[in-house]
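Since the structure comes first, as structure tokens, the remarks are kept for the end.
Nothing fancy with the numbering, it's 1 onward along the sequence.
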Amino acid sequence: VKGATANSYVSVEDADDYFSGNIFNSSWIQLSNTEKEQYLVFSTNRLETELYSGIPTTDTQALAMPRKGVLDVNRINYLDEDTIPTRFKNAVLELVMQYIQEYKEESPTFSKQDQARMSAIELGPITATLRNNKEHSLSDLIKRHLRSVGYNFWLGSSPFIPVERV
């Protein structure tokens, strides 16, 4: 998870376990492993656009989590720097289910435009992507999961425009 090539906070096996007792289990189990991986990466990428307290535990990790310097919700202990908090993983998984429900009529194979559901401006080798906040907003359940990770952990959405070199 802390690796330089990590692209998801949750494995397919962990997601299978999470959804096994979920009312929407049938939506998840009908997907192929490739489709499940796509949803997990898609949801991870969405949560990567949020702002979190603390700092990444290594300079080379590809994802924002795990982080150091994050107090637990009781403001007593710091969160473990080597693991992804369960509540954060739950936020990823609930976002997966939100996307499955949104895309159930469409193909689960996401193009670059589908992944962002945004407008983009290409300037030579650089693409600037503008988020549509209404379409990409987090549900109250996902926000509750993020708020419960740690004290002042989730700081909200980034005001910056993501820029990607193509």
**Q.** Connected via hydrophobic side-chain network under 4.5 Å: Val70 and Tyr151
**A.** no

Q.
Is there a side-chain contact between Tyr18 and Thr86 in this structure, where contact means two heavy atoms from C-beta onward sitting under 4.5 Å apart?
A. no

Q: Indicate the atoms forming the closest heavy-atom contact of Ala91 with His145, along with that distance.
A: CB-CB, 3.7 Å

Q.
Quick check: do Glu94 and Asn22 have side-chain heavy atoms less than 4.5 Å from each other?
A. yes

Q: Tell me whether Ile23 is reachable from Ile100 by hopping between hydrophobic residues (I, L, V, M, F, W, Y) whose side-chain heavy atoms are closer than 4.5 Å.
A: yes

Q) Looking at CG of Leu51 and CZ of Phe153, how far apart are the two atoms once the value is rounded to the nearest 0.5 Å? A) 10.5 Å

Q: Find the distance between CD (Glu81) and OG1 (Thr58) and round it off to the nearest 0.5 Å.
A: 11.0 Å

**Q.** Asp59 atom CG, over 12 foreign heavy atoms within 6.0 Å
**A.** no

Q. Could you state the interatomic distance from CG (Leu79) to CG (Leu71), rounded to the nearest 0.5 Å?
A. 8.0 Å

**Q.** Between CH2 on residue Trp28 and CD on residue Glu35, distance to nearest 0.5 Å
**A.** 10.0 Å

**Q.** Parallel, tilted or perpendicular: rings of Phe88 and Tyr9 (30°, 60°)
**A.** perpendicular

Q: Kindly indicate whether the side chain of Leu146, heavy atoms from C-beta on, has any atom under 4.5 Å from the side chain of Leu138.
A: yes

(Q) What I'd like to find out is whether the side chain of Gln101 reaches to under 4.5 Å of the side chain of Ser27, using heavy atoms alone. (A) yes

Q: With the side chain counted from C-beta on, respond yes when Asp72 and Tyr78 share a heavy-atom pair under 4.5 Å apart, and no when they do not.
A: no

**Q.** Closest heavy-atom pair and its distance - Val10, Ala15
**A.** CG1-N, 3.8 Å

Q: Answer whether the closest heavy-atom distance between the side chains of Leu40 and Val96 falls below 4.5 Å.
A: yes

Q. Which pair of non-hydrogen atoms, one from Trp154 and one from Lys143, has the smallest distance, and what is that distance?
A. CH2-CG, 3.6 Å

Q: For Ser43 and Val92, work out which heavy atoms get closest and say how close.
A: CB-O, 3.7 Å

Q. Any idea which heavy atoms bring Ala62 and Ala6 closest together, and the distance?
A. CB-O, 3.4 Å

Q: I would like to know whether Gln38 and Leu31 meet side chain to side chain contact (heavy atoms under 4.5 Å, CB included); could you show each step before the answer?
A: CA-CA 10 Å; Gln38 289 176 328; Leu31 300 173; over 6 Å; no

Q. Nearest heavy-atom pair of Arg67 and Ser53: which atoms, and what distance?
A. NE-O, 2.7 Å

Q. Taking the side chain as C-beta and beyond, is there a heavy-atom pair between Phe42 and Leu95 under 4.5 Å?
A. no

Q. CD1/Ile84 to CG/Leu63 distance, rounded to the nearest 0.5 angstrom?
A. 7.5 Å

(Q) Please report the interatomic distance OG(Ser32) to CD(Glu37), rounded to the nearest 0.5 Å. (A) 8.0 Å

